[in-house]
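When reading the values below, keep in mind they use all heavy atoms of this one structure, side chains included, and skip hydrogens, waters and symmetry mates.
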Amino acid sequence: MFRPKLPTMPQPTGTATPPAVIEPTSITPGTPATPSAPVAPPPVPTRPTVQLTPGTALALVGGGTTVVLVVGAVLVSMLLAVAITAVSVAVCAVVLRSLLVSDAKRR
């Protein structure tokens with residue numbers, strides 16, 4: 001009951017063909033191949049080549065600087081918001097504690 005039941009592998013029904021034998025060919029360096037057709041020139045790239053001029057480099061540097069400054073300002077403002085929230089929660093906790101302690105002293 002607790003022993004695993006392994007499936008039995010059925011025997012192949014078709015005829016098995018032996019693998020094809022590939023014979024290596026010898027290549028002698030220095031002998032040019034004789035093409036039967038003329039050799040075509042390499043294809044021309046369809047995308048235009050991007051040329052970086054001083055103006056575009058300056059624009060890229062300015063854009064990157066702007067992105068870094070904006071992301072930095074956002075992160076600093078989020079950190080400042082978290083810090084202000086933490087300080088306000090701490091002040092509220094101190095005020096509530098003092099109220100509870102003074103109430104206990106009155107009794």
Give a yes or no answer on whether the side chain of Ser102 reaches the backbone of Ser98 with a donor-acceptor pair at less than 3.5 Å. yes
Pick out which of Leu80, Val82, Val87 makes a side chain to side chain contact (heavy atoms under 4.5 Å, CB included) with Ile84. Leu80
Test side-chain contact (heavy atoms from CB on, under 4.5 Å) on Thr65 and Leu69; report intermediate values, then the result. CA-CA 6 Å; Thr65 304; Leu69 289 176; 4.1 Å; yes
Can you run down the side chain to side chain donor-acceptor pair (under 3.5 Å) pairs that involve residues 76-93, sequence neighbours left out, and say none if there aren't any? none
